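Order of the sequence lines fixes the chain letters, A, B, ..., with proteins taken first and strands second; residue numbering starts at 1 for each chain. As the structure is a computational prediction, the values presented were derived from the model and not from experiment.
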Number of protein chains: 2
Amino acid sequence: MRIGELARRTGASERALRYYEEQGLLRPARRPSGYREFTEADAATVRRIRTLLAAGLGTAVIAEVLPCMADADGQLAPACAELTSELIKERDRISEEVGELLAARAILDGIIAAPVPAAPGGEGTAPAPRPAEDCAAAV
Amino acid sequence: MRIGELARRTGASERALRYYEEQGLLRPARRPSGYREFTEADAATVRRIRTLLAAGLGTAVIAEVLPCMADADGQLAPACAELTSELIKERDRISEEVGELLAARAILDGIIAAPVPAAPGGEGTAPAPRPAEDCAAAV
DNA sequence: CTAAAGCTTCACGTCGACGTGAGAGTCAAC
DNA sequence: GTTGACTCTCACGTCGACGTGAAGCTTTAG
């Protein structure tokens with residue numbers, strides 16, 4: 001099939017499919033005209049690529065792990081053991097990111113939960129340069 | 001103080017401090033020579049900026065909320081109520097991101113936990129184009 | 001006075017998975 | 001043959017908080 005049909009069948013844009021080829025994730029045959037010719041297996045591969053992208057992997061890592069993966073009914077599985085450690089690395093990286101985001105959210109929660117100091121009149125608890133009146137303009 | 005000292009005292013790079021000014025987060029005075037002249041209050045502001053950046057806010061949002069914040073002993077607090085809703089929006093955005101990352105990690109966990117299909121000999125469970133031998137080369 | 005810090009304003013590079021045209025060739029149907 | 005859908009290859013734009021020189025003033029220590 002040509003690129004348009006593959007795009008429709010996988011949900012990926014044509015640009016994305018060309019990009020996957022550029023990154024070495026797909027190797028479609030070429031017609032004499034230069035048109036790409038994809039197979040059914042390519043459609044399955046694209047679905048795997050999208051799954052791995054959704055899992056936060058970059059195309060470079062996907063290029064490494066893609067030829068080592070098998071899938072049964074949409075459930076991807078590593079086809080060799082060494083691959084698993086790579087996947088675990090990625091999972092740990094994601095866990096770290098989650099930790100950073102949770103820390104960031106905790107900071108925000110702290111600010112949100114903080115008591116609002118006296119707004120009018122006094123300058124007792126507000127050492128800010130321009131404390132109050134900008135608030136109305138900002139929102 | 002000049003930019004170098006402020007950088008040392010806040011941990012921000014000089015480039016970062018110039019960037020904060022460019023984004024309207026700082027408004028240092030200028031000497032006749034063109035040198036920036038910062039105050040003690042600027043040092044406190046920079047610390048607030050870094051806290052908010054660490055909390056995942058962008059400089060545009062920080063520019064909005066910064067003039068409305070007070071802090072007591074390093075604990076930032078909103079100085080007006082409207083600000084809180086903005087902060088809650090940001091917190092919710094972070095929560096969404098966390099959710100996406102957790103979903104991504106779940107995908108990886110599913111792959112990692114999947115049983116490794118028979119690698120040598122058979123083609124029973126592996127419909128992949130080139131199943132096995134690339135694995136060794138990849139790792 | 002001189003050299004060395006320290007400061008200034010540009011202005012491009014980063015990282016990644018594409019989006020979005022531009023300009024041109026290919027193919028099917030009519 | 002001709003229109004219109006489809007495809008091709010460039011190649012720049014995106015988003016953001018800076019990093020990293022470059023070329024040239026200013027201030028300070030000696």
Starting at CD of A/Glu5 and ending at P of D/dT7, how long is that distance when rounded to a whole Å?
9 Å

Is the distance from OP1 or OP2 of C/dC18 to the nearest side-chain N or O of A/Tyr19 less than 4.0 Å?
no

Counting only side-chain N and O atoms of A/Arg50, is one of them less than 4.0 Å from OP1 or OP2 of C/dC18?
yes

Any idea which heavy atoms bring A/Thr45 and A/Leu25 closest together, and the distance?
CG2-O, 3.9 Å

Just to confirm, is there a sub-4.0 Å distance from OP1 or OP2 of C/dC27 to any side-chain nitrogen or oxygen of A/Ser33?
yes

Would you kindly give the CD1-to-C1' distance between B/Ile62 and D/dA17, to the nearest whole Å?
10 Å

Salt-bridge present (A/Arg30, A/Glu21; N to O < 4.0 Å):
yes

B/Glu22 CD to D/dA17 P, in whole Å, measures 11 Å

Would you indicate, yes or no, if D/dC18 has its OP1 or OP2 atom less than 4.0 angstrom from a side-chain nitrogen or oxygen of B/Tyr20?
yes

Between P on D/dT27 and CE on B/Met1, what's the gap in Å once rounded to a whole number?
18 Å

What is the distance, rounded to the nearest whole Å, between atom CD of B/Glu21 and atom C1' of D/dC18?
15 Å

Which nucleotide in C/dA17, D/dC8, D/dT26 has an atom nearest any side-chain atom of A/Arg18:
D/dC8

B/Leu26 CG to D/dA17 C1', straight-line distance once rounded to whole Å:
14 Å

Assess the side chains of B/Ser95 and A/Arg105: does a donor N or O sit below 3.5 Å from an acceptor N or O?
yes

Side-chain N or O of B/Thr59 less than 4.0 angstrom from OP1 or OP2 on D/dA17?
yes

5' priority, DNA chain D, between B/Glu14 and A/Arg2 [closest heavy atom]
A/Arg2

Given the rule that I, L, V, M, F, W and Y join up when any side-chain heavy atoms are under 4.5 Å apart, are B/Tyr35 and B/Val46 in one cluster?
no

Nearest-Å distance for atom pair CZ/C1', residues A/Arg15 and D/dA11:
9 Å

Sidechain N-carboxylate O distance under 4.0 Å for B/Glu96, B/Arg93
no

Short side-chain N/O contact to D/dT9 OP1/OP2 from A/Arg30, under 4.0 Å
yes

So, does the side chain of A/Tyr35 form a donor-acceptor pair with the base of C/dG25 at under 3.5 Å?
yes

Ranking A/Phe38 and B/Leu57 by the position along DNA chain D of their nearest nucleotide, the one closer to 5' is A/Phe38

Students often get this wrong, so: under 4.0 angstrom with heavy atoms, is B/Arg36 touching a base, only sugar-phosphate, or nothing?
sugar-phosphate

Heavy atoms from C-beta onward define the side chain here; which of C/dG19, C/dC12, C/dC18 lies closest to that of A/Leu53?
C/dC18

